[in-house]
Amino acid sequence: MAKLMSTHDIDKMRDAGRLAGETLRFAGGLVKPGVTTAAINDQVHAYITERGAYPSPLNYRGFPKSVCTSVNDVICHGIPSEKQVLQEGDIINIDVTVTLNGYFGDTSRTFFVGPNESISEERRKVTTVAEESLARAICVLHHGCRVGDIGHAIQTYAEAQDCSVVRDFVGHGIGKSFHLDPPIAHFGAPRTGAKLMRGMCFTVEPMINAGSWRHKMLSDGWTALTIDGKASAQFEHTFTLRGDGVEVLTALADDPIVQRARELGASLVE
Ligand code: MF3
Ligand code: CO
Ligand code: CO
């Protein structure tokens, strides 16, 4: 179980979270037509290591690269490749995790490759729905909330938009390890599941599909694709509960998801 962390630990989580957020912003700046996902990987790797941190995915359970890059119908855990050249009209989730002084920060977002008008309606919609679903999840985060409250907020919104919620990959506790209990499903019933308490750190990272929520696994053992080839998008932040509210450890000052959550009435603490 994600243990209750001391204020010293939370300070360290804040440092790791900030670096993850800054790295993700840097990575987003690299996204453009003609760039390979391997080039993004290599620059992200350098950015993280130059700042005294470690790119957590590298060698994690055998993952071969430093960041996950999931394009179009890839749900998650896409492996950067020299052979994968970004094209105008693609969408790409970049999932950055760093280990700084032994603490983990984990954040991702889906970016458009090229101008908005070049992105198909299906890809644009699934991206918008995934982003809004994370903002809505933030609104239910407070001391004593339950994992099912998070899943319910995401599922009711996404399904009302005729999208589906991936079942087989979930958020997680995080701290001095990458993945801790409790698992945080992005679907579920209100007032059910584990209680989240002040001092816990965890991620929420909804993967939203335009079609079926089911996936198939590539033979590389990592890349999870939608079963029907339709688009998938994901956004992720790392959180801690403090006082009666929530702090977004991986958000930079101008984070649009946090701004949206604030508009919707989330109990955000700095
Ligand atoms: N960053 C992913 C998550 O949000 C996990 C990636 S594991 C890896 O939990 F090995 F694929 F990097
Ligand atoms: Co995560
Ligand atoms: Co992640």
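Atoms within each ligand, like the ligands themselves, are counted from 1 in listed order. These numbers come from a predicted model, not from an experiment.
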Proximity of His179 and Tyr60 rings by center, below 6.0 Å: yes
Polar protein atoms (N, O or S) that approach the Co ion (ligand 2) to under 2.8 Å: Asp106 OD2, His172 NE2, Glu205 OE2, Glu236 OE2
Test applied, side chain to side chain donor-acceptor pair (under 3.5 Å); reference residue, His237; option that passes from Thr250, Thr203, Asp106: Thr250
Within the 6.0 Å centroid threshold, strictly below: Phe169 and His77: yes
For Glu236, atoms of ligand 1 separated by under 4.0 Å from a heavy atom: 4 (O)
Pro57: numbered ligand 1 atoms lying under 4.0 Å from its heavy atoms: 12 (F)
Side chain, backbone, both or neither: the part of Asp106 lying under 4.0 Å from ligand 1 by heavy atom: side chain
Subset of ligand 1 atoms that lie under 4.0 Å from at least one heavy atom of His179: 3 (C), 5 (C), 9 (O)
Aromatic Phe187 / basic Arg167 pairing, under 6.0 angstrom, 45° off normal: yes
Atom indices of ligand 1 within 4.0 angstrom of Thr97 heavy atoms, with elements: 1 (N)
Arg61 and ligand 1 - part of the residue with a heavy-atom distance under 4.0 Å: neither
Interfacing atoms of ligand 1 (cut-off 4.0 Å, heavy-atom, Phe63): 8 (C), 10 (F), 11 (F), 12 (F)
Proximal atoms of ligand 1 relative to Glu205 (non-hydrogen, under 4.0 Å): 3 (C), 4 (O), 9 (O)
